[in-house]
Every structure is written in C-alpha cells, then in structure tokens.
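The structure appears below as structure tokens.
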Number of protein chains: 2
Amino acid sequence: MHSSTASVDRVRPVGTKRSNKRDFIVNVFLRQEGHLSADDLVDLIRREDHRISRATVYRTLQWMVQNGIARKVDFGEGRFRFEHSYRHPRHFHLVCKSCGRSFEFLSSDIESLMEEVASVRRFEMGQTVLQIHGTCEACRTGHPQGAEKTTEMLFARDALRIAIATERSGRDFYARAARMTKNTRARTIFQRLSGEEVDHLNKLESRYEELLKQDADLESRPPFLFFKGAANGLFSAAASELNKVSSDLDALKIAIRCERGSYQFFKKYGERFEDSEGKRIFLEFADEERDHLNLLLGELRAYTEKRGRRPAASRGAHSARANA
Amino acid sequence: MHSSTASVDRVRPVGTKRSNKRDFIVNVFLRQEGHLSADDLVDLIRREDHRISRATVYRTLQWMVQNGIARKVDFGEGRFRFEHSYRHPRHFHLVCKSCGRSFEFLSSDIESLMEEVASVRRFEMGQTVLQIHGTCEACRTGHPQGAEKTTEMLFARDALRIAIATERSGRDFYARAARMTKNTRARTIFQRLSGEEVDHLNKLESRYEELLKQDADLESRPPFLFFKGAANGLFSAAASELNKVSSDLDALKIAIRCERGSYQFFKKYGERFEDSEGKRIFLEFADEERDHLNLLLGELRAYTEKRGRRPAASRGAHSARANA
DNA sequence: CTAGGTGCAAATAATTTGCAGAGGC
DNA sequence: GCCTCTGCAAATTATTTGCACCTAG
C-alpha cells in the first residue's frame with residue numbers, strides 16, 4: 001500500500017542501464033517519507049554503504065527526476081529538496097519554518113482560480129508552485145502530533161468522500177427530478193439515473209469502509225484535497241434549483257451542467273495519479289458521469305429536435321467541452 | 001508617480017550610516033523594473049562605476065531586504081532575485097520559462113482559500129508563495145507586447161474599479177432597502193447611507209478619470225487584482241436577496257453582512273501598501289464602510305433591545321470581528 | 001574617535017563535471 | 001567489447017565572511 005514498495009523496475013528508459021548502486025539509492029529514497037535534500041539522502045546512503053559517492057547520489061537524483069520517480073522542490077532554503085513523484089500527485093505545500101517539515105495539500109478551488117488568472121493574462125500555464133510558510137501545530141503547541149499519513153491514503157479517502165457526496169446528491173436530484181417531470185420518457189431516464197447513482201453509492205460506501213479498516217484513525221486526519229463544490233455534493237445546489245424551474249427541458253439542462261462539472265472534475269484529478277486507489281476511484285467515476293452526460297445530451301438532442309429548434313445548450317456559465 | 005522615484009532617504013534605521021555607494025546601488029536598483037538577480041544588479045552598477053565590489057552589492061541587497069525596500073524572491077533557478085518592496089504590495093507571479101520575465105498579480109479569492117486551508121490544517125500562516133510557470137503571450141505569438149505598467153498604477157486602477165462597483169451596488173441596495181422598509185427610522189438610515197454612497201461614488205469616479213488621464217491605455221491593461229466578489233459590487237447579490245426578505249430586521253442584517261465584508265476586504269488590502277494611491281483609496285474606503293457598519297450595528301442594537309430580545313447578530317457565515 | 005561601510009580575496013555550500021577505471025549486457 | 005555508471009577530485013556558481021582600511025557623524 002505504501003508508495004515505498006514501488007520499485008525501480010517499472011521505469012527503464014532506453015539508453016539506460018541497470019546498476020546496483022543506483023537501484024540501492026532509489027530504493028532508499030522511496031523508503032523515506034518527507035522531502036529530502038540531496039545531503040539528507042547522502043547521509044542515509046552512507047549509513048548503509050559508505051562506498052557510494054556524493055556525485056552518484058546527485059546523478060541518481062537527476063535520473064529519478066527525469067524518469068518521473070522524484071520531483072525537485074524548492075522551499076527557498078537555497079538548496080533543493082526531492083519528493084516522491086511516483087504514485088504521488090502534484091500538490092501544494094505547507095512549510096513549517098520552525099521544524100522545517102512540510103505538509104501537503106491540494107485545492108481544486110485554488111487550481112481553478114489559478115487557471116482563470118492564467119487565462120485572463122493570456123499565459124500558457126505549466127507547473128504551479130504554491131507554498132504557505134508558517135508554523136505547524138506541533139511547533140506552536142507542545143508536540144502532541146501524530147505522523148502524517150501517506151498522501152496516497154489521504155487522497156483516496158478524500159476522493160471517496162467527494163465521490164460519495166456527489167452520488168448522494170445526484171441520487172436525490174434525479175429522484176426529485178423524476179417526481180417532478182411530466183414527460184414519461186424523461187421520467188424514465190431520471191429514474192434510471194437515480195437508480196444507477198444508488199448502485200454506485202453502495203459500492204463506494206463499502207470501499208470507504210474497507211479503506212477505513214486499513215487504518216483506524218484515517219477518518220480523523222485533516223483533509224488533503226480541498227474542494228468546496230463537493231462539500232454537499234455537486235448536485236445539491238441543483239436540487240433546490242429544480243423548484244424554480246418550469247419545464248422538463250430546464251431540468252435536463254441542469255442535470256447536464258452538473259454531470260459535465262462532475263465528469264471534468266473527476267477526470268482532471270484522476271489523471272494526476274499513476275495507478276493508485278484514488279486514480280481508480282476518480283476515473284471509474286468520471287466514466288460513469290460521462291455515460292450519464294452522453295445519455296442526457298442525447299435526450300436533449302431528441303427533445304429539441306422534436307420541437308424543430310436548434311439546441312440551446314451552448315448557453316450558461318460552463319463553457320468547457322465534454323470530449324465524449 | 002513611478003515607484004522608481006522613491007529614494008533611500010525615507011528609510012534610515014538606527015545603527016545605520018549613510019553611504020554614497022549604498023545610496024547609489026539602491027537608486028540603481030529602484031530605477032529598474034523587473035526582478036533582478038544579484039548579478040544583474042552588479043552588471044548595472046559596474047556599467048556606471050566599476051569600483052564598487054560585488055560584496056557591497058550583496059550587502060546592500062541584504063540591507064534593502066531588511067529595511068523593506070526589496071523582497072527576495074525565488075523562482076527555482078538556483079539563485080535569488082529581488083523586487084521592489086517599497087510601494088509595492090505582496091503579490092503572486094506568472095513566470096515565463098521562455099523569456100524568463102515574470103509578471104505580477106494578486107488574487108483576493110486565492111488568498112482567502114489559502115487562509116482557509118491553513119486554518120483547517122491548524123497552520124499559522126506567514127508568507128505565501130504562488131507561482132504559475134508557463135509561457136507568456138509575447139513568447140507564444142510573435143512579439144507584439146507592450147511593457148508592463150507599474151504594479152502601483154494597475155493596483156490603483158483595480159482598487160478604484162472595485163471601490164466604484166461596490167459603491168454602485170451599495171447605492172442601489174440602500175435605495176431599494178429604503179423603498180421597501182416600513183419602519184420610518186430605518187428608512188431614514190437607508191436613505192442616508194444611499195446618499196453617502198452617491199457622494200463617494202462621484203469622488204471615486206473623478207479620481208478614476210484622473211488616473212486614466214495619466215496613462216492613455218491604462219484601462220485596457222489586464223487585471224492585476226482578482227476579486228470575484230467585487231465583479232458587480234459586493235452588494236449586488238444582496239440587493240436581490242432583499243426581495244425574499246420579510247422584515248426590516250432582515251434587511252438590516254443583510255446590510256451589516258455586506259458592510260462588514262466590504263470593510264474587511266478594503267482594510268486588508270489597504271494595509272498591504274506603503275502610501276500609494278491604492279492604499280489611500282482602500283483605507284479611506286474602509287473607514288467609510290466601518291462608519292456605516294457601526295451605524296447599522298447601533299441600529300440593530302436599538303431594534304432588538306426595543307423588543308426585549310438579545311441581538312441575533314452572531315449568526316451567519318461571517319464570523320469575523322469589525323474591531324471598531 | 002568610533003561604529004559602520006567597503007574592497008579584496010578567501011571561505012562556504014550546493015551542485016556539476018572531467019576523466020580514468022568498473023561493471024552490466 | 002561497448003557503452004554506461006561510478007568515484008574522486010577539481011570546477012562552477014551563488015553567496016558569505018575575515019580582515020585591513022576608509023569615512024560619516
């Protein structure tokens with residue numbers, strides 16, 4: 001389960017040869033948790049084998065960065081640190097200036113805003129760096145701090161929570177929509193979707209239980225992934241919108257907007273991972289949402305064609321494509 | 001108007017002596033626009049006086065950072081750069097990996113989210129670093145790019161725009177509230193506030209005109225300060241809330257929530273500046289909002305006491321204090 | 001006169017590199 | 001055997017420091 005069990009074997013680029021020393025260095029690196037400086041790693045290596053030179057450690061670090069095993073991070077200390085990259089999504093950092101440790105988080109909300117800024121300033125966005133420097137709780141109070149869970153575990157937990165909240169709100173939304181609609185065909189679709197949400201919800205909930213079994217106090221750990229939209233589920237605001245809506249067409253459009261947002265969110269974050277639990281959850285979920293989206297879009301097409309009008313679906317705040 | 005005209009004279013801390021060389025270095029630094037590395041500055045200095053040593057430049061850079069004239073920034077290049085700090089608020093960066101230039105922006109929205117993350121993770125937040133690395137428009141397309149305006153000017157422009165939008169929405173909100181309220185005393189207050197918003201609005205609009213006169217294409221420059229809440233004015237959402245509201249008390253509470261949000265926003269960003277146009281606008285504005293807030297709070301107290309009930313003002317999403 | 005300020009050269013600190021020998025395929 | 005990897009020591013780069021001298025207050 002720990003990313004430390006990852007081995008070098010999976011990446012072996014052309015023009016590169018196996019080497020015991022390098023493998024050893026990589027494995028020692030992967031066994032560590034935090035953000036190591038080159039020097040930290042040299043020390044760790046020397047502890048077990050003092051015949052490995054500093055230059056080799058530096059060269060291996062470079063090699064790991066090139067091959068996606070490690071990422072170089074810069075906390076402004078005048079030297080670089082390195083963190084796992086395999087099975088470890090890009091994220092942001094809380095850096096404690098007192099103990100030097102750093103903690104990870106991810107905020108979908110902040111990322112969206114950054115994308116917006118980049119777009120308004122006509123900037124093609126590549127990597128982003130976000131650091132909050134300050135003092136961690138352990139340093140501020142006494143020292144009653146448990147070790148950080150691995151990011152992978154926290155991410156899986158948060159992914160599941162968000163997915164569950166989304167399914168719940170989706171189930172309620174479609175149930176309500178089915179109750180409200182007058183059109184028989186639309187009602188059938190809403191009922192079907194509601195049913196699918198229930199099925200998936202059960203699966204997700206048992207997966208969540210399973211995850212919690214692996215680690216008793218996982219649930220009480222602070223959040224890793226921040227995403228306001230999902231606090232009560234992506235569909236929850238939409239459900240109350242249904243009250244103010246007159247036609248079945250409007251309900252359809254609201255559903256489409258929600259499924260599209262949901263699809264995009266889960267696709268985007270799912271792709272950040274190399275086969276971790278979080279990735280699987282997000283991508284499966286994205287697939288399901290894409291299916292729903294396509295179903296709804298087909299329905300919208302049928303609905304509008306029947307009336308001989310051009311689809312009015314291009315309006316609205318969400319301008320993104322579903323690429324389906 | 002340019003921050004480059006700032007001279008060393010204003011900062012002269014105890015235990016520090018005047019020195020021609022240092023003054024010279026500081027002035028050369030302040031005359032530049034971008035983000036200089038120590039070496040860039042050495043080159044510039046050498047061009048005019050090659051008898052100044054590299055060590056002195058480094059020492060002066062340190063001195064400038066200590067005395068709030070410069071800020072040390074780190075774009076992960078393996079060396080530090082320095083930017084103006086006097087008359088220059090903290091901000092975030094867009095860093096072009098192609099031409100190496102960097103561009104500035106500020107996002108109140110992102111800052112709020114960062115504060116929230118820090119608070120949830122029980123982290124005492126100090127400085128923050130946010131960088132968007134990528135490719136700027138000039139590098140992506142041909143090269144038809146005008147020079148960046150000074151941040152000070154852009155900030156003043158955005159400060160004024162936000163203030164104006166807020167005043168406009170405030171004026172509308174209070175006018176509407178006055179029309180709706182049945183209570184005579186409350187109506188008088190709402191009318192008075194509406195009138196004050198109009199006065200201040202006129203002042204702000206002429207100030208904005210004045211600013212534009214100083215620079216023809218200032219208006220067309222991309223935004224520096226991003227703040228969603230102010231797009232249509234902080235009161236604009238509240239104005240439509242008024243429709244759904246039954247009592248004058250509710251209207252009062254909505255007004256208080258808006259004034260408090262507005263006060264906090266303008267205070268926070270106003271304090272980021274050392275006497276610039278932006279600072280003045282924001283802080284004046286914050287003062288005015290605080291007065292309004294106090295007026296409304298007094299009214300709320302009177303209103304609730306009259307009914308022999310304890311004030312219900314501590315409810316609601318905004319838990320911050322007005323410190324008035 | 002005396003606490004800074006300055007130049008110069010040497011010291012650090014993190015990281016890279018040239019080159020000769022070792023080792024995987 | 002060929003080509004890559006490794007060790008070692010020297011080189012590089014960014015920045016700091018010791019020390020003798022200079023200068024403002």
Side-chain angles (χ1 to χ4, degrees), chain A residues 7-9 11-29 35-46 48-67 69-83 100, chain B residues 7-9 11-29 35-46 48-67 69-83 100:
Chain A
S7 97
V8 213
D9 310 327
V11 270
R12 191 155 309 288
V14 290
T16 248
K17 245 175 218 178
R18 169 184 293 280
S19 135
N20 293 324
K21 299 205 170 155
R22 181 190 287 162
D23 286 0
F24 178 66
I25 297 170
V26 172
N27 285 328
V28 171
F29 173 75
H35 300 79
L36 303 186
S37 66
D39 216 55
D40 293 338
L41 188 54
V42 170
D43 283 353
L44 285 163
I45 297 296
R46 287 271 160 89
E48 307 193 42
D49 181 348
H50 60 93
R51 284 169 310 177
I52 291 179
S53 106
R54 179 173 299 272
T56 304
V57 174
Y58 272 98
R59 283 191 272 235
T60 304
L61 244 6
Q62 254 183 216
W63 182 89
M64 287 195 283
V65 170
Q66 273 167 359
N67 297 105
I69 298 172
R71 258 190 306 262
K72 208 171 177 176
V73 295
D74 180 355
F75 295 150
E77 306 162 293
R79 66 182 162 172
F80 293 100
R81 290 182 172 273
F82 298 84
E83 61 180 18
Chain B
S7 97
V8 214
D9 309 329
V11 269
R12 194 155 305 290
V14 290
T16 249
K17 251 176 214 178
R18 168 184 293 279
S19 136
N20 295 323
K21 300 208 167 148
R22 179 189 290 161
D23 286 0
F24 178 69
I25 297 170
V26 173
N27 285 328
V28 170
F29 173 76
H35 300 80
L36 303 187
S37 67
D39 216 57
D40 293 339
L41 188 54
V42 170
D43 283 353
L44 285 163
I45 297 294
R46 287 271 159 88
E48 306 193 43
D49 182 346
H50 61 93
R51 284 169 310 176
I52 292 179
S53 105
R54 179 174 299 271
T56 303
V57 174
Y58 272 98
R59 282 193 272 238
T60 303
L61 244 6
Q62 253 184 213
W63 182 88
M64 288 196 282
V65 170
Q66 273 167 358
N67 297 104
I69 297 171
R71 256 190 307 260
K72 210 170 178 176
V73 294
D74 181 354
F75 295 149
E77 306 163 295
R79 64 184 165 173
F80 292 100
R81 292 183 171 273
F82 297 85
E83 62 179 19

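Note that this is a predicted model, so its numbers are computed, not measured.
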Please determine if a side-chain N or O atom of A:S19 lies less than 4.0 Å away from the OP1 or OP2 oxygen of D:dC5.
no

Taken to the nearest whole Å, CZ/B:F75 to C1'/D:dA14 is 17 Å

B:D40 atom CG is separated from D:dT15 atom C1', nearest whole Å, by 15 Å

The bend of the helix from C:dC1-D:dG25 to C:dC25-D:dG1, taken between the axes of its five terminal pairs at each end and rounded to 10°, is 20°

Query raised in the report: Would A:D40 and A:R81 pass as an ion pair if we require N to O under 4.0 Å?
Result: yes

Heavy-atom nearest pair, A:I52 first then A:V57, reads CG2-CG2, 4.2 Å

Rounding to 0.5 Å, atoms CD (A:E48) and CG (A:N27) come to a distance of 10.5 Å

Next on the checklist: For a quick test of reading the model: is some side-chain N or O of A:S53 closer than 4.0 Å to OP1 or OP2 of D:dG7?
Outcome noted: yes

B:R46 CZ to C:dC8 C1', in whole Å, measures 11 Å

Residues A:R18 and A:D23: closest non-hydrogen pair is NH1-OD2, 2.7 Å

Contacts of B:D43 meeting salt bridge (charged side-chain N to carboxylate O under 4.0 Å, His left out) (sequence neighbours excluded), chain-then-number -> none

With B:D39 as partner, the option from B:R79, B:R54, B:R46 fulfilling salt bridge (charged side-chain N to carboxylate O under 4.0 Å, His left out) is B:R54

Rounded to the nearest 0.5 Å, the CZ atom of A:R59 sits from the CZ atom of A:R22 at a distance of 10.0 Å

Expected string for nucleotides 14-23 of chain C under the B/S/- scheme (protein heavy atoms, under 4.0 Å, primed atoms plus P, OP1, OP2 as sugar-phosphate) is SBBBB----B

One should read off an interatomic distance between A:L36 CG and A:F82 CZ, to the nearest 0.5 angstrom, of 9.5 Å

Atom CZ of B:R51 and atom C1' of C:dG5 are separated, to the nearest Å, by 16 Å

From NZ of A:K21 across to C1' of D:dT4 the rounded distance in Å is 14 Å

*Heavy-atom side-chain proximity of B:I45 to B:F29 below 4.5 angstrom*: no

Does the side chain of A:R18 get closer than 4.0 angstrom to OP1 or OP2 of C:dG24 through an N or O atom? no

To the nearest angstrom, the CD1-P distance between B:I52 and D:dC22 comes to 17 Å

Rounded to whole Å, the CG-C1' distance (A:D23 to D:dT4) equals 14 Å

From CE of B:M64 across to C1' of C:dG5 the rounded distance in Å is 15 Å

